[in-house]
Amino acid sequence: MAKYKNYVLARSIEEAYELNQKKSSVIVAGNMWLRMCGMNKQTAVDLSLLGLDRIEKTQDGFVVGAMTTLRALETDTALNDAFGSVFARALAPIVGTQFRSTATVGGSVYSRFGFSDVSALLLALDAEVVLHQRGVVKLSEYQLEAWDRDIITHIRIPGGQRASVQSVRVSGTDIPTLVCAAAKSEKGIRIVLGARPARAVIAADGLKLVDAQNIHIIEEIAGRTAFGTNLRAGEAYRRRIAPVLMARAVKGCMECEAKEAAEDEC
Ligand SMILES: Cc1cc2nc3c(=O)[nH]c(=O)nc-3n(C[C@H](O)[C@H](O)[C@H](O)COP(=O)(O)OP(=O)(O)OC[C@H]3O[C@@H](n4cnc5c(N)ncnc54)[C@H](O)[C@@H]3O)c2cc1C
């Protein structure tokens, strides 16, 4: 169990940032991960009052506040309409509804968990992380960095993409044994592999459709990706199932596009 001596409901993002520069402080979002960490901190800084829990549609896509819950992403109509319901499908396997109603997108992106369905999907969608101090950073960069003391205010998701997420779990509500997210944009197809069990990586980017649908090319891409062993599965198992998930994720993008084209004709 985590223990905090002081609890501060920050009144501004500047106040939260200043407090968070001390090693004895910690930003608390959904508190779902932190509460299990058993840490003793002087000050817990809560971002709940800062209006960071909104999902906004913009000209270029969507801007999602860091305190937006996974459940809000899963159920937001505009977001799911824009991306073929991928958020609804990708996030539904995460623990349970009550859990997803509390865990946040900011907490997920900051944590860079190897097992994150959230990071895998956002990475495939070429999302950007908006940080209070540093400004805008590509998630593909942020994902590789060490944890720092900046605060994520928003996540930006470019529009005009079709995406699909496939995961394998030992049991229904467990963390994934392997997760694959694919997104199709005008730049081609991006495939991300997560829960390898290391942090999610971009396995392929800018792939032509004809190549993404070729199982030999998919197998070759999986062959170049690093996998490992943990309690949930061995390296060989992950290597074996990766091309299957990748092929299904690419197919998912295409089905999503075909469905939308059919709806447009109606
Ligand atoms: C039992 C369990 C099972 C899970 N299973 C899955 C799963 O299957 N798939 C999946 O994708 N995820 C899973 N998760 C992860 C979960 O979805 C969240 O990522 C996790 O709970 C963190 O989100 P939170 O809002 O609870 O963050 P917190 O626990 O409040 O914070 C986590 C970390 O992020 C930092 N932080 C939070 N918000 C910000 C911010 N705005 N700026 C800077 N730093 C910030 C905190 O200081 C802390 O270090 C699981 C978590 C748990 C506890």
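Numbering of ligands and ligand atoms starts at 1, following listing order. Every heavy atom of this structure was used, including side-chain atoms; hydrogens, water molecules and symmetry mates were not.
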What do we get for [X] next to ligand 1 when only non-hydrogen atoms under 4.0 Å count, side chain, backbone, both or neither?
X: L70; value: side chain
X: F99; value: side chain
X: A66; value: side chain
X: V95; value: side chain
X: Y110; value: side chain
X: M36; value: side chain
X: R169; value: side chain

Y110 ring centre to R112 NZ or CZ under 6.0 Å, with the angle to the axis within 45°?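 Relative to the ring axis of Y110, which defines the angle, R112 lies inside both limits.
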
Around atom CZ of R149, are there more than 12 heavy atoms from other residues, nucleotides or ligands closer than 6.0 Å?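 It does: R149 CZ has more than 12 such atoms within range.
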
On a heavy-atom basis, I'd like to know which of [options] is closest to [atom].
atom: atom 24 (P) of ligand 1; options: G30, A195, A200, S167; value: G30
atom: atom 37 (C) of ligand 1; options: S119, A2, G107, A120; value: G107
atom: atom 42 (N) of ligand 1; options: I152, V118, D117; value: I152

Any pair counted as salt bridge (Lys or Arg N to Asp or Glu O under 4.0 Å), so long as it reaches residues 163-174, sequence neighbours left out: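 Sorted pair list: D117-R169, D174-R232.
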
If we only count N/O pairs under 3.5 Å, is L34 in contact with ligand 1?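 The answer is yes, given that L34 and ligand 1 share an N or O pair closer than 3.5 Å.
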
Ligand 1 atoms nearer than 4.0 angstrom to some heavy atom of S108 are 17 (O), 18 (C), 19 (O), 23 (O)

Shortest protein contact, atom 26 (O) of ligand 1 (heavy atom only):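 Result for atom 26 (O) of ligand 1: M32 N, 2.9 Å.
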
Specify the protein heavy atom at minimum distance from atom 38 (N) of ligand 1: its residue, its atom name, and the distance to 0.1 Å. A29 CB, 3.5 Å

With sequence neighbours excluded, residues passing salt bridge (Lys or Arg N to Asp or Glu O under 4.0 Å) with K57: none

Only one of E257, E255, E260 forms a side-chain hydrogen bond (donor to acceptor under 3.5 Å, both in side chains) with R162, so which one is it?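 Of E257, E255, E260, side-chain hydrogen bond (donor to acceptor under 3.5 Å, both in side chains) with R162 is met by E260 alone.
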
